[in-house]
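Note that the numbering runs from 1 along the sequence shown for the chain. Since the model is a prediction, treat every value here as computed from it, not as a measurement.
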Amino acid sequence: MRSKSIVILLLVVATGLGACSQADTQQNEPKAEDVSLVTPAATAATATPKTAEDVVINGSNTVQTQALRGQNIEVTGDGNTATFTGHSQEFSITGSDNVVVLENVKAIDVTGDNNTVTWRGSMPTITNLGQHNVIERAK
């Protein structure tokens, strides 16, 4: 009788764990709106955001081309090359040796060294907290 109770108990526990596992899997399935705009290091990517969420790039040695519709942009890392078309509110970069081209940006904030940031459009507000950075209107 005792072994029969243990077998039943094990079946109940196993069934419960299986149900929990299935529930967790269903809850964690990625949705299209959860996809991040962050691109892994050393890859090339082109993305057009579908919402007004901020664009965040973390990593080094990425190549980015993105069309914007009013988002803020944050780049953190070294050796990134990025082109942002459209219009954006604020652009901030933290790192070194990045090359960025912007269109129609309202503010540029650079922290780090040896970065090159060029823009087209109206004169943005510029903050440069680094050394040997080039921040200028595109020619």
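- R120 and A138 get closest at one heavy-atom pair: CG-CB, 3.8 Å.
- You'll find the side chain of F91 reaches within 4.5 Å of the side chain of V100, heavy atoms only.
- For the side chain to side chain donor-acceptor pair (under 3.5 Å) with N98, the lone residue among N114, N80, T116 that qualifies is N80.
- Note on M123 and V134: separate hydrophobic clusters, where clusters join Ile, Leu, Val, Met, Phe, Trp and Tyr whose side-chain heavy atoms are under 4.5 Å apart, directly or indirectly.
- The side chain to side chain contact (heavy atoms under 4.5 Å, CB included) test with Q66 is passed by exactly one of V55, I73, T83: V55.
- Rounding to the nearest 0.5 Å gives a distance of 6.0 Å between CG of L129 and CG of D109.
- If you chain together hydrophobic residues whose side chains sit under 4.5 Å apart, V99 and I135 never meet in one group.
- Counting heavy atoms from C-beta on, the side chains of H87 and K106 never come closer than 4.5 Å.
- The shortest distance between side-chain heavy atoms of E74 and S92 falls below 4.5 Å.
- Side-chain N or O atoms of S60 include one that pairs as donor or acceptor with a backbone N or O of D78 at under 3.5 Å.
- Side chains of R137 and W119 form a contact here, defined as non-hydrogen atoms less than 4.5 Å apart.
- With values rounded to the nearest 0.5 angstrom, Q131 atom CD is found 12.0 Å from N115 atom CG.
- Put simply, the side chain of V105 does not reach to within 4.5 Å of the side chain of F84, judged on heavy atoms.
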